[in-house]
Amino acid sequence: MVNPILLIVIPLGLAFVVPLFRFISKKIEKFIPFFALLANLIISLTLFPHVLEKPIHVSIGGFLPPLGINLVAGPLGILFAMLIALVGFLVSIYAFAYIKEKDQEKYHILYLLLLTGATGVVLTGDIFNLFVFFEILCISSYSLVAYFGDKPGIESAVKYLIQGAVGSSLVLIGIGLLYGQFGTLNMADIASNIHSVHSISVFIPLVLLITGFGVEAAIFPLNAWLPDAHSSAPSSISAILSGIAIEVGLYAIVRVVFTLFGASSILTFLLFLGVITLLIGELCAFNQENIKRMLAYSSIGQIGLIVFALSIGSLSGINGGLFQLVSHTLSKALLFLAAGYMIFRSGSMNISSFEGMGKKMPYTSFAFTIGAFSIVGLPPFIGFPGKFMILKAALFEQDILFTILVFLILLATIIEGAYFFRVVQTIYFKGEKSTPGQEREIAPLSVLIPVFIFVGLIVVIGIYPKLITEILESSASELLNRADYIKNILP
Amino acid sequence: MNFLSEYIYYIGAFSLIFIGLFIVLAKKNLIKVIIGLSIVDTGINLFLITLGYIRGGTAPVFSKPGLKAENMVDPVPQALVLTAIVIGVAVLALALTLAIKLYKHYGTLNLRKIKEQKW
Amino acid sequence: MRKLISLILLVIIAGGIVLSLKEIPFGISKIKIGDYYIKKGIEETGATNIVTSVVVSYRGFDTLGEITILFTAAIGLSAVLGTYRKRKAGEKVEPPSFIVKTGCRFLFPILLLVGAYIFIHGHLTPGGGFQGGAIIASAFLLMYLGCEGKRINENTSIVVEVLGALTFIVLGIIGLTIGKDFLFNFLPKGEPNTLLSAGIIPVIYIAIGFKVGSELAGIIDHLIEKNQ
């Protein structure tokens with residue numbers, strides 16, 4: 001059995017090697033992320049069956065927890081690691097043709113480091129180590145947002161950096177308070193000492209940690225940076241930020257709330273935050289003229305929905321939330337990639353400039369349409385089972401509160417449908433009838449291949465959701481069975 | 001008085017943190033905001049160090065024989081601070097770089113005047 | 001108005017933190033794993049500086065993350081600032097005075113020596129790779145102040161940086177193959193309080209020293225503005 005540490009070490013080592021390729025050949029460097037993430041994908045797939053039986057624990061440096069740092073490759077961690085490797089791998093193919101500006105070398109290093117940070121966050125079992133990897137993720141995404149160095153990019157990177165830095169400071173204070181009380185940094189060890197969050201000295205670190213990670217997860221009211229950053233980053237990075245970075249922030253929150261604190265009493269609060277985030281995201285998205293801003297706001301909305309589902313707190317609720325998370329990652333990455341190429345061709349981010357794209361770029365438009373339908377939640381795409389599971393779990397609670405919230409969610413879905421159909425309509429049915437001067441432009445293969453793999457995944461999992469429900473169910477039960485998590489690490 | 005002598009280090013550390021956070025929230029100039037972030041970092045580092053302190057303790061280095069383990073302060077916060085300092089430096093360097101670029105584009109560092117991206 | 005709102009917000013947070021600090025009295029031994037590190041640290045890692053044994057051995061993975069963060073920031077910084085500006089020797093720079101020039105030339109080798117001393121003795125004395133690296137970088141800062149027109153060689157600094165980081169990772173992987181754990185301390189621990197002790201700790205710290213030194217020097221180099 002392979003050691004899960006390789007999931008972090010291989011991409012990290014390769015990221016360090018990239019600068020040396022300038023002495024050999026400039027052409028190799030763009031293939032490095034491709035190979036690193038391919039390796040990660042293979043490793044996480046081989047670990048997958050082992051993890052379903054029993055979570056794998058690895059200590060580092062030969063010291064058992066709580067003395068040393070340990071990695072916990074449970075179903076949830078491996079699910080995220082697989083998702084990160086898969087999306088990262090496909091987007092790295094897209095970047096072959098897409099990234100041409102400036103020093104490509106730096107883009108590829110930062111890209112690889114971003115994904116390494118994300119993998120580290122989801123695998124580590126130590127709260128301070130989680131913070132360190134979280135910072136790798138944050139710092140590389142600040143730089144990647146500003147990668148083009150143009151006006152909007154720099155401005156949104158500044159906003160992102162200031163808010164992110166304040167968030168990380170809050171996280172660090174929270175970790176300090178926890179260490180002061182319990183004298184340990186291992187998550188299982190801290191968790192075994194926390195029996196209730198009702199005492200104020202435990203509640204304050206919980207609030208600080210949720211707020212700090214909430215900045216990256218873009219939960220209302222901490223999401224002011226997101227639309228700017230996601231719309232002005234290169235499209236391949238927008239796909240990663242929307243598909244991976246927010247989800248990893250969410251993972252950190254979920255890990256802290258469920259495993260570290262076992263805080264079921266705060267879930268009601270998160271429930272409302274989730275619905276508010278959903279409504280605000282969708283309402284703002286409705287008004288956007290800029291396609292990437294619209295997608296970014298739609299991400300906020302989707303995150304709200306996922307937070308809502310996870311905070312239902314029942315097995316089926318968490319299950320639905322994780323399904324929606326997977327579906328959002330795949331669909332939103334597809335949307336950003338497809339939209340990115342259309343923007344590249346039309347030269348404008350305005351939705352009206354997409355008129356007639358359906359004829360000019362048939363394949364990319366088709367993929368965009370699939371992504372849009374999937375996000376809205378139409379069958380037979382992956383978005384449908386996700387939303388369905390969430391609504392079922394919410395109605396199962398049989399509470400008047402949940403009925404109202406479900407009504408609000410359905411309202412948000414209608415808004416979502418409205419603005420996505422508007423874009424689809426613009427792409428296919430608007431614009432002058434095929435002027436003879438405009439020939440069809442087929443996107444290069446390095447764009448079409450990842451886009452159509454995403455389309456394939458969305459359709460296949462949408463038709464046959466059983467493919468991933470097994471790992472989702474064991475992930476959900478990992479989150480709910482806090483005692484098992486502690487017992488596994490500290491025998 | 002007793003309270004003050006018990007908690008003076010915590011009070012100092014958290015005063016720095018809150019002064020820094022106030023600067024970040026209230027000031028308009030990007031450089032001042034970055035200074036605020038740096039003050040927050042300093043405050044947090046002091047707080048972490050304070051956590052591990054033991055009255056009359058010595059540094060956890062067995063540099064000469066005769067040093068007793070009981071008198072030594074907690075080494076873990078010191079290790080954490082080492083990491084936190086490096087993270088602070090990294091964020092600071094990147095923030096200053098962005099400030100340079102921002103000034104080149106807009107000719108000002110006033111964050112209220114830089115509003116091309118809006119809700 | 002904005003100031004008022006932020007003040008109110010901060011007062012609320014401060015109140016919460018003060019309440020939670022009551023559980024953490026000051027200056028009293030309440031340490032759990034820290035206590036273990038002090039008592040068993042020398043025996044288990046061979047380093048007399050317990051902070052070093054925590055940083056490099058017990059929590060070595062954090063340190064790997066830490067050098068990655070510095071690397072990320074350095075790369076991000078040069079990506080944002082754009083292409084490397086090649087300043088011609090002495091271009092539009094006011095020449096430093098004689099005292100600054102002589103002082104910098106005098107201090108430069110001494111600072112390098114102090115930096116190297118600090119990171120080589122990281123496992124014995126209060127010091128280590130980051131501190132030594134920072135001192136070395138300050139030597140390069142002095143070079144920019146005092147010796148106009150001199151710059152560090154970008155390629156050399158990158159090679160040093162990469163080799164430093166790779167040493168860390170390769171040692172970790174050797175530990176993984178020999179001792180089944182990443183970063184396992186596979187070299188003999190030796191006699192405590194001697195230079196050649198503590199297994200891989202000094203090796204890692206020397207690698208970090210070189211890496212941090214060249215990286216910070218590179219950051220300084222990138223941040224020097226063209227004087228126009």
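Chain A is the first sequence line, chain B the second, and so forth, proteins listed ahead of strands; every chain is numbered from 1.
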Less than 6.0 Å separating the ring centroids of A/Phe286 and A/Tyr297? no
Check the pair B/Ile34, B/Leu92 against side-chain contact (heavy atoms from CB on, under 4.5 Å), reporting the backbone distance first and the verdict last. CA-CA 7 Å; B/Ile34 294 173; B/Leu92 198 65; 3.5 Å; yes
Looking at A/Leu185, A/Ile173, A/Leu172, which one has more heavy-atom pairs under 4.5 Å with chain B than the rest? A/Ile173
Is the NZ or CZ atom of A/Lys151 both under 6.0 Å from the centre of the six-membered ring of B/Tyr106 and within 45° of that ring's axis? yes
So which part of A/Asp150 gets closer than 4.5 Å to some heavy atom of chain B, the side chain, the backbone, both or neither? backbone
Which atoms of [X] approach chain A - backbone, side chain, both or neither, heavy atom under 4.5 Å:
X	result
B/Leu102	both
B/Leu48	side chain
B/Leu80	both

A/Tyr111 and A/Tyr107 aromatic ring geometry - parallel, tilted or perpendicular at 30°/60° bounds: parallel
In a table with atom names and distances, give each donor-acceptor pair under 3.5 Å that connects a side chain of residues 12-30 of chain B to protein atoms at least two apart or in another chain.
residue	atom	partner	partner atom	Å
B/Ser15	OG	B/Ile11	O	2.4
B/Asn29	OD1	B/Ile31	N	2.8

